[in-house]
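Each chain gets a letter, A, B and so on, in the order the sequences are listed, and its residues count up from 1.
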Amino acid sequence: MKAHQLKLYNTLTRQKEDFAPINPPFVGMYVCGPTVYGDAHLGHGRPAITFDTVNRYLTHLGYRVRYVRNITDVGHLTGDADEGEDKIAKRAKLEKLEPMEVAQQYTDTYHRDMALLNTWKPSIEPRATGHIPEQIALVEAILNEGLAYVVNGSVYFDVLAYNKKYTYGKLSGRVIEELVSGSRDLDGQGEKRNSVDFALWKNASPEHLMKWPSPWGVGFPGWHLECTAMSSKYLGTQFDIHGGGMDLLFPHHECEIAQGNACNHQDPAKFWMHNNMITINGQKMGKSLGNFITLQELFTGNHTLLDQAYSPMTIRYFILTAQYRSTLDFSNEALKAAQKGYKKIINGLRIAKQLQYSPQDDIALDTEQIQQVETSIASAYRSMDDDFNTAMAIGHLFNLLKKINSMYTGQLAPAALGKEIFIQLLETYRTFVVDILGLVEEKGDVQEGLLNLLLNQYTEAKTARNYTKVDEIRSGLKAMGILVKDMKDRIDWAYEE
RNA sequence: GGUCGCGUGGCCGAGUGGCUAGGCAGAGGUCUGCAAAACCUCGUACAGCGGUUCGAAUCCGCUCGCGACCUCCA
């Protein structure tokens with residue numbers, strides 16, 4: 001393995017920085033997970049795939065990653081201050097279920113969808129409700145620091161007091177004075193000393209469903225608190241990477257930094273990474289806008305905006321074709337192009353497995369070809385080293401794929417590359433596609449044995465020049481998404497793109 | 001209103017000063033019973049205007065258009 005200087009964009013400093021773990025070879029990464037009150041949508045897919053790829057690449061480079069992604073199973077408020085309703089409780093009432101049944105149900109569907117997208121499971125997947133004592137301890141610590149205050153059984157973080165010692169707004173680039181003057185006068189925030197203060201613990205009304213006893217009475221934790229509690233418990237008070245969607249940058253991550261500094265006197269994370277949003281017709285796709293498409297709807301094609309179903313791997317590939325910090329616009333056209341691109345990549349994987357190296361004395365090394373392969377390999381790594389530029393890496397993979405395909409069709413002899421480069425080419429291609437990008441063949445309805453039987457018939461018919469039969473088999477297989485390929489010396493097949 | 005970001009060929013989408021991104025769609029060619037696949041070749045794009053520079057999609061300014069965050073959201 002060559003030396004890699006991984007650079008990643010740190011939202012905190014707004015520039016790309018050299019990555020170095022606090023305790024090599026270990027890397028601690030915390031990513032904000034879903035609030036489980038509904039099916040996961042395309043917007044959940046993006047951070048999951050983005051940080052899965054980060055996890056995969058770091059692991060590939062030899063780091064030992066502890067990847068923590070939480071499940072938020074305590075609903076936060078749908079509205080402002082006391083007027084709001086717990087999202088999970090709301091769903092529970094609607095479906096006549098226990099809140100925990102709702103959380104369990106959608107945790108399960110989330111896991112199912114993430115597995116389909118071929119994301120690695122987090123090392124630890126803590127739940128907010130499983131860490132109530134830790135959260136209460138944090139509130140007490142912040143109170144002890146004099147950076148929070150209690151009102152009517154609720155505890156609020158005192159942002160102005162905090163800002164005297166630390167800097168509130170350093171992540172989002174917000175200036176406290178502007179926040180104070182710019183924040184709206186909301187009803188029901190009378191308890192707070194200042195509108196910029198945020199809840200650490202909320203007093204629960206009698207009809208509130210999810211609540212716990214605390215030193216300040218029965219209540220529930222504020223929504224920024226769980227991430228601080230769980231990240232510090234499992235990764236320490238300062239860890240390497242904190243990830244999440246850009247929409248969480250403010251106030252959520254800003255508040256995490258404030259809470260971390262208030263308790264531990266240091267920033268919780270060295271690097272903050274934020275994936276951009278998926279847009280639909282140029283507008284953010286999101287629950288609040290009601291324009292989201294769930295992953296299941298994508299997989300089944302069951303949505304008015306969808307022309308057809310798109311497989312999980314198509315979705316994964318689609319997301320990886322854009323740099324994670326760019327917005328990515330959803331459209332049927334783009335997804336169909338992604339589907340074809342993905343199939344092409346996977347067909348290449350099948351082909352690569354078949355290729356054999358055989359030395360040929362009559363074939364000289366082709367230095368130009370060799371150099372092209374070497375350049376593409378190096379470029380693919382350089383792309384990933386540059387803030388996980390999967391889009392660019394994929395571009396270089398297609399260049400490698402051309403070489404693989406050329407060898408497959410006999411237009412390029414493996415011997416022209418030399419054994420070492422030949423092996424390196426195949427190995428790099430497979431490693432990038434499968435290990436790093438996480439793209440795998442989708443076990444469809446292809447039964448290899450059955451297929452080979454049919455292809456034998458095809459070959460026999462062809463030898464007998466029975467073209468009616470040949471065409472019949474070919475069109476029959478095409479209807480099932482299998483392309484028959486008549487090669488010079490044999491018959492092969494591929495997934496239809 | 002405040003803060004931040006974006007505008008790339010028919011479509012998607014990389015690219016921060018000179019060196020072919022790539023995919024999809026399209027055209028021509030090689031191969032082939034015919035196809036398909038694959039491979040080769042092709043379009044010479046960077047919102048507009050001005051500036052800096054030997055040289056700009058890439059830096060600076062202005063204009064226009066779009067979006068995100070500021071309230072729960074990945």
*For the side chain of A:Arg474 and the base of B:A36, is some donor closer than 3.5 Å to an acceptor across the two?*
no
_Mind checking if A:Gly43 touches a base, just sugar-phosphate, or nothing, with heavy atoms under 4.0 Å?_
base
*Report yes if a side-chain nitrogen or oxygen of A:Lys462 is closer than 4.0 Å to either non-bridging phosphate oxygen (OP1 or OP2) of B:U32; otherwise report no.*
no
*Taking atom P in both B:C6 and B:G13, what distance in whole Å separates the two?*
15 Å
*Taking atom types as modelled, find out whether A:Gln339 and A:Thr314 have a side-chain donor-acceptor pair closer than 3.5 angstrom.*
no
*Over how many whole Å does the gap from A:Glu254 atom CD to B:C69 atom C1' extend?*
12 Å
*A:Val175 near the nucleic acid: base, sugar-phosphate alone, or nothing, with a heavy-atom cut-off under 4.0 Å?*
nothing
*asked:* Rounded to whole Å, how long is the line connecting atom CD of A:Glu333 with atom C1' of B:C11?
replied: 5 Å
_Of the listed nucleotides (B:A14, B:A74, B:G33), which one gets closest to any side-chain atom of A:Tyr467?_
B:G33
_Same-atom distance (C1') from B:U53 to B:A14, integer angstrom_ = 26 Å
_In whole Å, I'd like the distance from the CD1 atom of A:Ile49 to the P atom of B:A74._
15 Å
*What integer distance in Å separates A:Lys16:NZ from B:G15:P?*
7 Å
*Can you tell me, in whole Å, how much space there is between the C1' of B:U44 and that of B:C19?*
16 Å
*Using a cut-off of 4.0 Å on non-hydrogen atoms, how would the nucleic acid contact of A:Ala391 be classed: base, sugar-phosphate, or nothing?*
base
*Could you tell me whether the phosphate oxygens of B:C39, OP1 or OP2, come under 4.0 Å of any side-chain nitrogen or oxygen in A:Asn405?*
yes
*Classify the nucleic acid contact of A:Leu248 as base, sugar-phosphate or nothing, counting any heavy atom under 4.0 Å across all strands shown.*
sugar-phosphate
*Kindly point out which of B:G13, B:A74, B:C39 is positioned nearest to the side chain of A:Arg46?*
B:A74
*asked:* In this structure, how many angstroms lie between the P atom of B:A68 and the CE atom of A:Met285, rounded?
replied: 13 Å
*Check the angle between the aromatic planes of A:His274 and A:His253 and answer parallel, tilted or perpendicular using the 30° and 60° thresholds.*
tilted
*Partner of A:Met114 by side chain to side chain contact (heavy atoms under 4.5 Å, CB included), out of A:Leu295, A:Ile49, A:Thr109*: A:Leu295
*Closest to side chain of A:Thr35, choosing from B:A74, B:C24, B:C11*: B:A74
*Per A:Trp223 side chain, nearest of listed nucleotides B:G67, B:C39, B:C73*: B:C73
*With the side chain of A:Asn389 defined as its heavy atoms from C-beta on, choose the nearest nucleotide among B:C40, B:G15, B:C73.*
B:G15
_Please compare A:Leu328 and A:Lys485 by the position of their nearest nucleotide in RNA chain B and report the one closer to 5'._
A:Leu328
*Tell me which of A:Lys403 and A:Gln323 sits closer to the 5' end of RNA chain B, going by the nucleotide each one is nearest to.*
A:Gln323
*What's the closest nucleotide to the A:Leu483 side chain, out of B:A68, B:G23, B:A37?*
B:A37
*asked:* Would A:Arg174 and A:Phe250 count as a cation-pi pair here, with the cationic atom under 6.0 angstrom from the ring centre and within 45° of the axis?
replied: yes
*Rounded to whole angstrom, note down the P distance from B:G18 over to B:C70.*
37 Å
*Looking for any heavy atom pair under 4.0 Å, which part of the strands does A:Glu496 touch: base, sugar-phosphate only, or nothing?*
nothing
_d(CZ, A:Phe318; P, B:G13) in whole Å_ = 7 Å
*Among A:Phe19, A:Phe388, A:Tyr9, find the residue that satisfies the ring-ring contact (aromatic ring centres under 6.0 Å, His included) test when tested with A:Phe271.*
A:Phe19
_Under 4.0 Å, heavy atoms only, any strand: does A:Val31 hit a base, just the sugar-phosphate, or nothing?_
nothing
*A:Ile319 CD1 to B:G13 P: how many Å, rounded?*
13 Å
_Gap between atoms NZ and P, on A:Lys202 and B:C72 respectively (whole Å)_ = 11 Å
_A:His44, nearest nucleotide to its side chain (from B:C73, B:A74, B:A14)_ = B:A74
*asked:* Can you tell me which nucleotide in B:C34, B:A68, B:A74 comes closest to the side chain of A:His41?
replied: B:A74
*Please check the phosphate of B:A25 (OP1 and OP2 only) for any side-chain N or O of A:Lys340 closer than 4.0 Å.*
yes
_Side-chain N or O of A:Ser326 versus OP1/OP2 of B:A14: is the shortest distance under 4.0 Å?_
yes
*Just call it for A:Asn347: base, sugar-phosphate, or nothing, with non-hydrogen atoms closer than 4.0 Å on any strand.*
nothing
_Check: A:Phe299 ring centroid to A:Tyr310 ring centroid under 6.0 Å_ = no
_C1'-based separation of B:U8 from B:A56 [nearest Å]_ = 14 Å
*C1' atom, B:C34 versus B:C12: distance in rounded Å?*
34 Å
*How would you label the contact of A:Lys402 with the nucleic acid (heavy atoms, under 4.0 Å): base, sugar-phosphate, or nothing?*
sugar-phosphate
*Map every base of RNA chain B to its dot-bracket character, where paired means a Watson-Crick or G-U wobble contact with both distances under 3.5 Å and | marks a partner outside the strand.*
(((((((..(((.....[...))).(((((.......)))))....(((((..]....))))))))))))....
_For B:C73, does the base pair up with any side-chain atom of A:Lys284 as donor and acceptor (N or O, under 3.5 Å, distance only)?_
yes
*Side-chain donor-acceptor pair present, A:Gln411, A:Ser406, cut-off under 3.5 Å*: no
*Whole-angstrom distance between B:G26 and B:A36, as gauged at atom P*: 11 Å
*Can you name the one residue among A:Phe51, A:Tyr67, A:Tyr30 that meets ring-ring contact (aromatic ring centres under 6.0 Å, His included) with A:His242?*
A:Tyr30
*Is the number of heavy atoms from other residues, nucleotides or ligands within 6.0 Å of CZ (A:Arg465) greater than 12?*
no
*Which one, B:G33, B:C39, B:C4, comes nearest to the side chain of A:Arg14?*
B:C4
*Determine the Euclidean distance between corresponding P atoms of B:C11 and B:U16; express it in Å to zero decimal places.*
23 Å
*State whether A:Tyr408 and A:Lys485 meet the cation-pi test: NZ (Lys) or CZ (Arg) under 6.0 Å from the six-membered ring centroid, and within 45° of the perpendicular axis.*
no
*Are A:Tyr106 and A:Tyr37 close enough that their ring centres sit under 6.0 Å apart?*
no
*With a 4.0 Å cut-off on heavy atoms, is A:Lys344 in touch with a base, just the backbone sugar-phosphate, or nothing at all?*
sugar-phosphate
*Quick one: which of B:A38, B:G2, B:A74 gets closest to the side chain of A:Arg174?*
B:G2
